[in-house]
Amino acid sequence: MGQQDGDAGVPGSLARVLAQVRDERAAQDERFGMQALPDGTGGHDAVAAADEAREETDAAAREGALTWRHILAEEVMEAFAEHDPQRLRGELIQVAAVAVKWVQALDRRDVLQNLDGERSDC
């Protein structure tokens, strides 16, 4: 599978991050219990904000200044703009996937920094 296995260059990272997400979800349930809240999504303002986030992300990519914040903000804004429950679910899965990938990127940086430190000690 290699790079297509979801581990983002760090073997086992996807399983580790998803286990941490699972643990956080359990902690939320412990603290807040079952929550049945309205979605609060959709509407013209939310659509405009999603369009603005998309434009900002595209501009940053063109300028070579794209960050994880741009990508996650765009996904979150797209979710906020969605009123259809099935489409909202799909957008929220994308939000979760980007957040997981960002955490993996942070972990990968740590691994690379540790490897660089070991090389310089030689």
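Note that the structure is predicted; figures quoted are calculated from it, not measured.
- Looking at Arg108, its side chain does come within 3.5 Å of a backbone N or O of Ala8 through a donor-acceptor pair.
- Residues Gln28 and Gln35 fail the side-chain proximity criterion, which asks for heavy atoms closer than 4.5 Å.
- The CD atom of Glu75 lies 8.5 Å from the OG1 atom of Thr57; values are rounded to the nearest 0.5 Å.
- One finds the CG atom of Leu88 at 12.0 Å from the CD atom of Glu78 (value rounded to the nearest 0.5 Å).
- Between Leu92 and Ala79, the shortest heavy-atom contact is CD2-CB, 3.9 Å.
- Ala53 and Ala73 get closest at one heavy-atom pair: CB-O, 4.2 Å.
- Salt-bridge formation is not detected for the pair Arg54/Asp58: no Lys NZ or Arg NE/NH1/NH2 atom is positioned less than 4.0 Å from an Asp or Glu carboxylate oxygen.
- Considering every non-hydrogen atom in both Gln104 and Ser13, the closest pair reads NE2-OG, 2.8 Å.
- Through chains of ILVMFWY side-chain contacts below 4.5 Å, Val95 is grouped with Leu66, Trp68, Ile71, Leu72, Val76, Met77, Phe80, Val98, Trp102, Leu106.
- No single ILVMFWY cluster, assembled from side-chain heavy atoms under 4.5 Å apart, contains both Val10 and Leu14.
- Side-chain contact between His70 and Thr67: present, with at least one pair of heavy atoms (C-beta onward) separated by less than 4.5 Å.
- Scanning both residues, Glu82 and Asp84, for their nearest heavy atoms gives OE2-N, 3.3 Å.
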Glu56 and Arg69: CA distance, side-chain angles, deciding distance, side-chain contact (heavy atoms from CB on, under 4.5 Å) verdict: CA-CA 11 Å; Glu56 183 179 332; Arg69 184 200 59 82; 2.7 Å; yes

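- Shown here is Glu24, whose CD atom has more than 12 heavy atoms of other residues, nucleotides or ligands within 6.0 Å.
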